[in-house]
Amino acid sequence: MRSLFFLGAVLIVSQFTVSQTINDLVYLTKNDLSGTARYTSMGGAFGALGGDLTAIINNPASSSVFLNTEVGASINLQSRLNEGQFFGEFESTNEDSFHFDQFGVVFVFNNTDEKNPWSRISAAINVNRIANFNQKASLTGNNNKSIADYFLYYANGIEYQDIQLYSDETISDVYRYLGDEIGFGAQQAFLGYQSYIIDPLTADDTEKSYISNITSSNNRNNLDILNSGFHRKTSFNFSGLYKNILHLGMNFNLHKLDFRNKKDFFEGNQDLSSFVYDVNFNEDLISFGDGFSFQFGGILKIENIRLGATYDSPQWIDLQDETQQKISSYRFEDGFAIKETINPDITNSYLPYRLKIPSKTTLSFAYIFNLAGLISLDYSTQNFSQTYVSREGTSEFLNTLNEETNKILNPVNTLKIGGEYRLKNVSLRGGYFYQTKNQSTNENGNQALTFGFGFDFGGSNLNLSLVKFEQNRDFTVFSKGLTSPYSIKENLTQFTLSYNFKL
């Protein structure tokens with residue numbers, strides 16, 4: 001019998017892996033069309049324009065386009081229709097949320113010395129929510145694979161004696177011990193065995209092969225997903241206007257990431273002869289951490305033409321994961337239906353690791369129509385296949401995850417087009433956003449239509465925008481074993497209100 005140790009708290013630290021899967025990386029690398037109402041109403045096409053607080057996080061040269069010191073904030077209301085597709089069946093869910101989306105201030109210092117080539121210097125701080133992870137989705141479909149395949153994947157290779165429950169032990173004791181001493185896979189084998197879903201091939205304590213106790217060729221799967229959290233970027237900016245024709249700027253960015261995922265999986269419709277049926281498996285994940293990045297950008301003025309270029313460094317974000325799991329199942333025994341519930345009530349806390357989101361390059365063009373209006377275009381490229389997860393020391397799990405990322409995530413090209421027409425103190429705006437598919441399994445990319453208008457009161461301005469955004473992402477039910485694919489199309493309607501005033 002193994003010797004267990006007790007820590008007096010429901011917390012473990014696993015030395016073997018992190019909990020991230022390719023599903024989670026798809027979420028963590030997403031970017032929304034968010035920020036000020038003027039920025040979002042023009043599809044985010046501000047790389048060659050500047051003069052907007054959110055544009056500063058797009059091209060750091062933007063702050064020296066401002067003529068006066070300015071401060072502003074934005075709020076938005078989001079309504080989501082999530083359409084899940086699983087084995088040809090569709091389920092839709094709706095959700096609404098309200099956010100304080102952006103806050104910023106830019107300080108402008110105009111230089112009256114004609115001998116100094118730097119005619120304007122600006123410094124700015126801008127806080128922007130660049131991704132909102134809130135999502136509620138439900139999926140239902142018939143599957144010829146089973147949750148047993150998930151547990152068999154992890155159990156095969158684990159000795160039978162390691163996942164037994166002896167008379168002086170509790171579920172929590174063993175689950176904690178396995179996480180500390182063997183790792184995540186042993187915990188999954190333990191859950192599968194203790195819920196009667198799998199059994200060892202023989203009763204030998206050293207047996208490492210397992211079989212399923214679920215009999216079915218057409219399981220009914222239900223998957224409910226509830227995500228929440230955000231990726232927030234705080235930019236510290238410095239920019240200058242050189243000889244009144246070239247804006248140059250740089251940002252140092254701090255990143256804050258908080259991602260929470262709740263997954264409730266149910267499997268039913270097993271054969272009448274199945275020993276185990278109606279399995280319910282719950283998993284909760286929390287990923288949180290901080291990081292940094294930097295940017296360099298420029299805007300060149302040639303009469304009515306504006307040319308912009310920006311380099312975004314990789315984002316280096318140090319994360320830590322926590323997970324919880326529980327499972328229940330029914331079985332027939334001696335003519336009675338028995339429900340087995342395995343709830344370790346343990347929080348798995350994993351070693352910190354670093355997520356590297358790849359660099360991005362943006363080229364921009366704008367044309368100004370004699371102060372009556374403008375048209376602007378941004379084109380950027382970012383290779384998400386180079387997303388990388390690392391930790392001190394070697395990790396076979398992370399190496400495998402990085403290989404999967406390289407195969408599944410794609411280089412992404414993004415096109416933003418925006419226009420603005422001014423009627424005295426009122427501005428009318430519109431835009432279009434298109435992003436090529438970021439996963440090899442996607443059928444479509446992401447796209448948005450944007451609209452808005454603004455009122456200039458001289459010392460302040462009020463702007464409103466409407467964004468209709470369609471985002472497409474593909475996932476698998478679990479990362480191993482039961483890897484049946486599903487997709488979620490998110491139709492987002494976003495209203496943003498911004499108010500800025502000059503100091």
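The structure presented is a predicted model; accordingly, all values stated were derived computationally and were not measured. Keep in mind that the numbers below use all heavy atoms, side chains included, and drop hydrogens, waters and symmetry copies.
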Which heavy atom of Val389 sits nearest to which heavy atom of Leu398, and what is that distance? CG1-CD2, 3.6 Å
Quick one: CG on Asp456 to NZ on Lys424, what's the gap to the nearest 0.5 Å? 14.0 Å
Would Asp96 and Gln78 count as having a side-chain donor-acceptor pair, cut-off 3.5 Å? no
Assess the residue pair Leu466 and Gln494 against the criterion (side chain to side chain contact (heavy atoms under 4.5 Å, CB included)); give the C-alpha distance rounded to whole Å, side-chain angles, the decisive distance to 0.1 Å, and a yes or no. CA-CA 6 Å; Leu466 168 64; Gln494 175 179 284; over 6 Å; no
Could you please spell out the steps behind the side chain to side chain contact (heavy atoms under 4.5 Å, CB included) verdict for Leu28 and Leu319? CA-CA 11 Å; Leu28 297 183; Leu319 294 172; 4.1 Å; yes
How long is the straight-line distance from CG of Asn23 back to OG of Ser479, given to the nearest 0.5 Å? 7.5 Å
State, without any angle test, whether Gln435 and Gln471 hold a side-chain donor-acceptor pair at a distance under 3.5 Å. no
Please tell me whether Asn446 and Tyr434 have a donor and an acceptor in their side chains that are separated by less than 3.5 angstrom. no
Could you check, using the six-membered ring where one of them is a Trp, whether Phe259 and Phe288 have ring centers closer than 6.0 angstrom? no
Closest contact, heavy atoms only, Thr496 versus Gly35: CG2-O, 3.5 Å
With no hydrogens and no angle check, just 3.5 Å: does a side-chain donor-acceptor pair link Asn126 and Ser235? no
We want to know whether Asn348 and Gln187 form a side-chain donor-acceptor pair, criterion being a heavy-atom distance below 3.5 angstrom. yes
Side chains of Tyr379 and Thr414: do they bring a donor and an acceptor to under 3.5 Å? no
For the aromatic rings, using the six-membered ring if either is Trp, is the centroid distance between Phe107 and Phe66 under 6.0 Å? no
How about CZ on Arg220, more than 12 heavy atoms from neighbouring residues, nucleotides or ligands closer than 6.0 Å, or not? yes
Checking side chain to side chain contact (heavy atoms under 4.5 Å, CB included) for the pair Asn304/Asn370: CA distance, chi angles, key distance, verdict? CA-CA 8 Å; Asn304 288 16; Asn370 298 320; 3.5 Å; yes
Determine whether the aromatic ring centres of residues Phe475 and Tyr486 are separated by less than 6.0 angstrom. yes
Would you please indicate if the ring centroids of Phe453 and Phe455 are separated by under 6.0 Å? yes
Go through the side-chain N and O atoms of Asn500 and Asn461 and say whether any donor and acceptor fall under 3.5 Å apart. no
With Phe265, which of Asn221, Asn280, Asp224 fulfils side-chain contact (heavy atoms from CB on, under 4.5 Å)? Asn221
Testing the 3.5 Å rule here: is there a donor-acceptor pair between the side chains of Asp24 and Thr21? yes
Under 3.5 Å, is there a donor-acceptor pair between the side chain of Thr40 and the main chain of Ala37? yes
Salt bridge (charged side-chain N to carboxylate O under 4.0 Å, His left out) for Lys136 and Glu95? Distances and angles first, verdict last. CA-CA 7 Å; Lys136 181 180 179 182; Glu95 57 177 326; over 6 Å; no
Flag for His255-Ser293: side-chain donor and acceptor within less than 3.5 Å: yes
Run the salt bridge (charged side-chain N to carboxylate O under 4.0 Å, His left out) check on Lys468 and Glu490 step by step: do they pass? CA-CA 10 Å; Lys468 301 285 288 186; Glu490 179 183 285; over 6 Å; no
Starting from the C-alpha separation in whole Å, work towards a yes-or-no answer on side chain to side chain contact (heavy atoms under 4.5 Å, CB included) for Ile357 and Ile317. CA-CA 8 Å; Ile357 300 176; Ile317 304 176; 4.2 Å; yes
Ser359 side chain to Ser313 side chain, donor-acceptor N/O pair below 3.5 angstrom: no
For the aromatic rings, using the six-membered ring if either is Trp, is the centroid distance between Phe294 and Phe252 under 6.0 Å? no
Roughly how far, to the nearest 0.5 Å, is the CG atom of Asn59 from the CD atom of Gln295? 8.0 Å
Ser287-Asp321 side chain donor-acceptor pair, cut-off 3.5 Å: yes
With a 6.0 Å cut-off on the ring centroids, do Phe266 and Phe281 count as close? no
Using the ring centroid of each side chain, check whether Phe365 and Tyr367 are separated by less than 6.0 Å. no
Between Asn463 and Tyr39, a side-chain donor and acceptor under 3.5 Å: no
Between the side chains of Thr36 and Ser498, is a donor N or O closer than 3.5 angstrom to an acceptor N or O? no
Picking from Arg232, Lys233, Lys256, what satisfies salt bridge (Lys or Arg N to Asp or Glu O under 4.0 Å) with Asp290? Lys256
Any side-chain donor-acceptor pair under 3.5 Å between Glu322 and Tyr350? no
Distance in Å, Ile417 CD1 paired with Ser376 OG, rounded so as to fall on 0.5 Å steps: 9.5 Å
So Asn128 and Ser34, do their side chains get closer than 4.5 Å, heavy atoms only? yes
Is atom CZ of Phe230 surrounded by more than 12 heavy atoms (other residues, nucleotides or ligands) closer than 6.0 Å? yes
In Å, rounded to the nearest 0.5 Å, how long is the span from CG of Asn472 to CD of Gln447? 8.5 Å
Please check if atom NZ in Lys262 has more than 12 non-hydrogen atoms from other residues, nucleotides or ligands closer than 6.0 Å. no
Would you say the side chain of Met42 lies within less than 4.5 Å of the side chain of Leu49, judging by non-hydrogen atoms? yes
If only side-chain N and O atoms count, and only distance matters, is there a donor-acceptor pair under 3.5 Å linking Asn134 with Ser228? no
Evaluate whether atom NZ of Lys502 has more than 12 neighbouring non-hydrogen atoms of other residues, nucleotides or ligands under 6.0 angstrom away. yes
Is the CZ atom of Phe478 crowded by more than 12 outside heavy atoms at less than 6.0 Å? yes
Would you say Ser74 and Asp101 are linked by a side-chain donor-acceptor pair, where the criterion is simply a distance under 3.5 Å? no
Is there a salt bridge (charged side-chain N to carboxylate O under 4.0 Å, His left out) between Lys326 and Glu283? Walk through the geometry before answering. CA-CA 7 Å; Lys326 64 180 179 180; Glu283 289 189 304; over 6 Å; no
Looking only at the side chains, is there a donor atom on one of Thr362 and Asp378 sitting less than 3.5 Å from an acceptor on the other? no
For a quick check under 3.5 Å, do Gln320 and Tyr353 share a side-chain donor-acceptor pair by atom type? no
Gln439 CD to Ser487 OG distance, which is reported to the nearest 0.5 Å: 10.0 Å
Please evaluate residues Arg260 and Asp258 with respect to the criterion salt bridge (charged side-chain N to carboxylate O under 4.0 Å, His left out), reporting the C-alpha separation (whole Å), side-chain torsions for both, the decisive distance (0.1 Å), and the verdict. CA-CA 7 Å; Arg260 298 165 188 263; Asp258 188 299; 3.0 Å; yes
Phe369 ring center near Tyr421 ring center (under 6.0 Å): no
Centroid separation under 6.0 Å, is that true for the rings of Phe433 and Phe469? yes
Under-4.0 Å salt bridge between Glu91 and Lys489: no
